[in-house]
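Take a look at the structure set out below.
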There are 2 protein chains.
Amino acid sequence: MASPKTKTRMLDAAERLFAAHGIAGTSLRAVTGEAGVNLAAVHYHFGTKDALLREVFARRVGPVNEARLARLDALEASAGGRPLAVEAIFTALLAPVIEQSRADAQQGHDWRRMVGRVYAEPVEVVEPLLRQHFAEIERRFTAALARALPDLPAGEIAARLSLVVGVLTHVLAGQHEIALRQHGEVPSDAAMIARVVGFCAAGFRAPVAAPRAGARRVQTALRRRA
Amino acid sequence: MASPKTKTRMLDAAERLFAAHGIAGTSLRAVTGEAGVNLAAVHYHFGTKDALLREVFARRVGPVNEARLARLDALEASAGGRPLAVEAIFTALLAPVIEQSRADAQQGHDWRRMVGRVYAEPVEVVEPLLRQHFAEIERRFTAALARALPDLPAGEIAARLSLVVGVLTHVLAGQHEIALRQHGEVPSDAAMIARVVGFCAAGFRAPVAAPRAGARRVQTALRRRA
DNA sequence: GTCTATAACGGGATAGAC
DNA sequence: GTCTATCCCGTTATAGAC
């Protein structure tokens, strides 16, 4: 256990380097160098760089998504068919990833930025990963939110959930913590979860916005200028 | 004007390729190839790849940020010292970038994803860009929000503004539109701005959240398991 | 200001010994 | 399962002709 297996060491190294320098910015030589293994080992264990990325991603996201669904299951079971509170739904969505990533980070496995960064990769890289891991999550949480907010149109729920994903990837990418540290704050897990949940729940409860009348004029003016 | 200058063509090509494949994933060969110019031209006009990125970024973000500040100036001038509405502040922050990027996108210049992607680049690349372009924006809009929401602690304003940045970069990166299109929706500029502004304003008005009592137990259990 | 040619190096991937 | 050695190509950057 003091010296993990070759494959694990490569996953750890790739996770760290992907987070720090991006996927394209990380060479397999850097991965094997950091893991202290030979360059050829990565091809033996994973085949290609892309397959390595898929394993790095699935190792962390898989368990987190199981925890999310288990938490939502438990909430719905104890609610006995009644709609859930929006805050409870978002806590089930956000808390597992933040708690688990923080716990792993304390052991040197900082995979939050890796996950956050994957969302910024080219679509051909991201889409297979997201389709595989998040289809069920999106389906279940959209349904729960629809029951919790019956007055919100289905399209609006999907649209706002996408904004929540934006908040979460930003937090995962570490940008939120950077901003906090610039103001001398280092929040606890619980405080950060509470803030993000409160922000997103309030955002979801906002009335459906109608475009302002003035917006069209501005847009037209811009089009003319360009 | 039918065939722009070499330098402009390279900026256009780099903008498109950075958006599609990321910074590290875009080679100077690809840029000059797409621009139809010689490989050496990029070094003549920009010197290094990093300088090219800085020019690509500044060309779009500079004017947008000027428009944001001008819009905030106009709001504050007409308010005569009284606090602004939160929605008006966020509209001044969000509308210029969405409107201007959409107008440019209709002419084939799709730089939204380029800007959104820059936020996911390694810190040593991003931080100089953000420091140069967003210090004034953050200062001015934080001050306006603090006057609009006098009961919100200063740290909370900074923290929530960082979440708004997360929403905006997600929208700019194009993820929000992808999610919408999966549900058959293609919103207008004005509708998207109204939705994002409404979401963020409601999130900002949320009561300051206190961590739930149960959160500590969960965190401790996770730490034990790991 | 734009070109060709090339330097100097790093990239992913693979073959085959051990 | 891990190693060495190597292939072949792409990378940024530069030198110097035009």
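Note that the structure is a prediction, hence the values are computed from the model and not measured. A, B, ... follow the sequence lines: proteins, then strands. Residue 1 opens every chain.
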Salt bridge check, B:Lys5 against B:Asp12: does any charged N sit closer than 4.0 Å to a carboxylate O? no
Per the salt bridge (Lys or Arg N to Asp or Glu O under 4.0 Å) rule, what does the pair list look like for residues 158-169 of chain A, sequence neighbours excluded? A:Glu156-A:Arg160
Return the set of residues passing salt bridge (Lys or Arg N to Asp or Glu O under 4.0 Å) with B:Glu66 (not counting sequence neighbours), or none when no residue passes. none
Going 5' to 3' along DNA chain D, which nucleotides are the first and last within contact of chain A (any atom under 4.0 Å from a heavy atom)? D:dG1 to D:dT4
So salt bridge (Lys or Arg N to Asp or Glu O under 4.0 Å) across residues 168-183 of chain B, not counting sequence neighbours, yields B:Arg102-B:Glu177, B:Arg112-B:Glu177, B:Glu177-B:Arg181
By the ring-ring contact (aromatic ring centres under 6.0 Å, His included) test, which pairs, at least two apart or in different chains, include something from residues 159-194 of chain A? none
List the steps and the verdict of side-chain contact (heavy atoms from CB on, under 4.5 Å) for B:Val37 and B:Val31. CA-CA 9 Å; B:Val37 304; B:Val31 171; over 6 Å; no
Sequence neighbours excluded, which residues qualify as side chain to side chain donor-acceptor pair (under 3.5 Å) partners of A:Thr26? none
What N/O pairs connect the protein and nucleotides 7-11 of chain C at under 3.5 Å? Give each pair on its own line.
residue: C:dG11; atom: OP1; partner: A:Ser27; partner atom: OG; Å: 3.1
residue: C:dG11; atom: N7; partner: A:Arg29; partner atom: NH1; Å: 3.2

Just jot down the side chain to side chain contact (heavy atoms under 4.5 Å, CB included) partners of A:Ala191, sequence neighbours excluded, or say none. A:Pro187, A:Ser188, B:Pro211
Restricting to pairs with a member in residues 38-50 of chain A, which pass side chain to side chain donor-acceptor pair (under 3.5 Å), not counting sequence neighbours? A:Asp50-A:Arg54
Would you jot down, in residue-number order, the residues of residues 32-48 of chain A having a non-hydrogen atom under 4.0 Å from DNA chain D? A:Asn38, A:Ala40, A:Tyr44, A:His45
With respect to A:Leu172, which candidate in A:Val115, A:Leu94, A:Val167 satisfies the side-chain contact (heavy atoms from CB on, under 4.5 Å) definition? A:Val115
Give every donor-acceptor pair under 3.5 Å between a side-chain atom in residues 124-134 of chain A and any protein atom, sequence neighbours left out.
residue: A:Glu127; atom: OE1; partner: A:Arg131; partner atom: NE; Å: 3.4
residue: A:His133; atom: ND1; partner: A:Leu129; partner atom: O; Å: 3.1

Bend angle of the helix from C:dG1-D:dC18 to C:dC18-D:dG1, from helix axes over five pairs at each end, nearest 10°: 0°
Working for side-chain contact (heavy atoms from CB on, under 4.5 Å), residues A:Phe90 and A:Val196: CA-CA 9 Å; A:Phe90 283 132; A:Val196 174; over 6 Å; no
